[in-house]
Protein chains: 2
Amino acid sequence: MDLGSDLRAKGKRLTVQRRLVLEAVQRARHHVTADEVAKRVRGEAGQIDPSTVYRNLEALEELGYVTHTHLGSRVTRWHRADMHQHAHLVCRSCGAEDEVPVSVFTGLARRLRTSHGFRADLAHSAVEGICRRCAVVQS
Amino acid sequence: MDLGSDLRAKGKRLTVQRRLVLEAVQRARHHVTADEVAKRVRGEAGQIDPSTVYRNLEALEELGYVTHTHLGSRVTRWHRADMHQHAHLVCRSCGAEDEVPVSVFTGLARRLRTSHGFRADLAHSAVEGICRRCAVVQS
DNA sequence: CTCACTATTGCTATGACTTGCGATAACCGA
DNA sequence: TCGGTTATCGCAAGTCATAGCAATAGTGAG
């Protein structure tokens, strides 16, 4: 199935802007912000409104083409959905970001599922805390 | 130690607004938004600027009097720091919020600490996912 | 190919913060 | 008690994200 068919199967349409937004996210190696997506699109094609970018990222997320995560700051980061999953540790003190495999969370995920029937997406939000280096400095 | 001394020990000052903001959070039974704090202060005393509320919440957080958490929506919720700790489960589909004791997270917290030296604050951000009811409906 | 239908776009407006700046008022030492 | 220093305040402006709305453009049917 291609993008166009996937979209139409859900009553959505394949517009120029939508295709450009997806391509921008796919070409990016790592997480990108909506604003970075807009800049990339503007570099390739012409102008694009920020709200269009946001709405398309959301639409593409529904289709399973992209996903977003919340890192330390309140900016949302987007990336292609077919990347390997990992969670983020963000230091509250120095802002350092670290990646950990999702396997670290499987125990907790299973526990929340059996005890609360809750399917947790633990990679979605970064885990805030104090990194090793800052913990040493502070004590 | 009282609020005034705590503040001055850090080179900060005890202003009318700062005291009112703290009292507003302390009187609130549960989590409150910055806007709700502003409204409470305005009810008690006169006018207060939103930016003053935000800056004071931040200052009081530094001193350990209040803390904030991020729930599903984009708004930040504040509460007194001496409340019993609990984490939140937020359903991505219906928005339902559930509370779980932090004890559920101690295993993961210990693991992140030994493997990465990272002191995780797992109650800070809500865990997103799909609640039991929505999981049943979707399948 | 043409046309009607309606999803999507861009624009504007709102919400939740955040930041810069001059005026004000805590605080401390004399 | 009286300044002088400077943290903090209120206001204006800016950012990121979402929502409403008229105009536009994909789409499927004929």
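A quick note: this is a predicted structure, and the numbers were derived from the prediction, not measured. Here is how names work: the chains are called A, B, and so on, in the same order as the sequence lines, proteins then strands, and each is numbered from 1.
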Length of the line joining B/Glu58:CD and D/dA7:C1', which is rounded to integer Å: 14 Å

Spacing of A/Arg19 atom CZ relative to D/dT27 atom P, expressed in whole Å: 11 Å

Donor-acceptor contact below 3.5 Å, side chain B/Arg132 vs main chain A/His116: yes

Residues forming a side chain to side chain donor-acceptor pair (under 3.5 Å) with A/Arg119, sequence neighbours excluded: none

Sequence-distant partners of B/Ser51, side chain to side chain donor-acceptor pair (under 3.5 Å), two or more places apart: B/Asp49, B/Arg55

Atom-pair distance (CZ on B/Arg42; C1' on D/dG10), nearest Å: 12 Å

Listed partners of A/His68 passing ring-ring contact (aromatic ring centres under 6.0 Å, His included), at least two apart: A/His70, A/Trp78, A/His124

Between C1' of D/dT8 and CG of B/Leu57, the distance in whole Å: 15 Å

Between C/dC17 (C1') and B/Trp78 (CH2): distance, integer Å: 11 Å

Per-nucleotide protein contact string for nucleotides 22-30 of chain C (B base, S sugar-phosphate only, - none; heavy atom under 4.0 Å): ---BBSS--

5' priority, DNA chain C, between B/Thr33 and A/Gly11 [closest heavy atom]: A/Gly11

Test item: A/Ile48 and A/Leu20 side chains (from C-beta on) under 4.5 Å apart, heavy atoms: no

Shared hydrophobic cluster, A/Leu71 / A/Tyr54 (ILVMFWY, side-chain heavy atoms < 4.5 Å): no

Side-chain (B/Arg13) to main-chain (B/Leu7) donor-acceptor, under 3.5 angstrom: no

Listed once per pair and sorted, the ring-ring contact (aromatic ring centres under 6.0 Å, His included) pairs that draw on residues 6-44 of chain A, sequence neighbours left out: A/His31-A/His79, A/His31-A/His86, A/His31-A/His88

A/Val102: hydrophobic cluster co-members (side-chain, 4.5 Å): none

Just the atom pairs and distances: protein N or O near nucleotides 1-3 of chain D's N or O, under 3.5 Å.
none

Residue list, side chain to side chain donor-acceptor pair (under 3.5 Å) with A/Thr114, at least two apart or on another chain: none

Whole-Å distance separating the CG atom of B/Leu63 from the P atom of D/dA7: 15 Å

Below 4.0 Å: OP1/OP2 of C/dG10 and any side-chain N or O of A/Thr52: yes

Axis-to-axis angle between the two ends of the helix from C/dC1-D/dG30 to C/dA30-D/dT1 (five base pairs per end, rounded to 10 degrees): 20°

Pairs involving residues 81-103 of chain B, ordered by first then second residue, that meet salt bridge (charged side-chain N to carboxylate O under 4.0 Å, His left out) (sequence neighbours left out): A/Asp121-B/Arg92, B/Arg80-B/Asp82, B/Arg92-B/Glu128

Polar atoms only, N or O, under 3.5 Å: list the protein pairs with nucleotides 11-16 of chain C and their distances.
| from | atom 1 | to | atom 2 | distance (Å) |
| --- | --- | --- | --- | --- |
| C/dC11 | N4 | A/Ser51 | OG | 3.4 |

Hydrophobic cluster membership, A/Val100 vs A/Ile130, 4.5 Å side-chain cutoff: no

Pairing residues for B/Tyr65 by the side chain to side chain donor-acceptor pair (under 3.5 Å) criterion, not counting sequence neighbours: B/Asp6

d(NZ, A/Lys10; C1', C/dT8) in whole Å: 18 Å

Separation of D/dC11 P from B/Ile48 CD1 (nearest whole Å): 11 Å

Validation row: A/Leu60, A/Val21 side chains within 4.5 angstrom (heavy atoms): yes

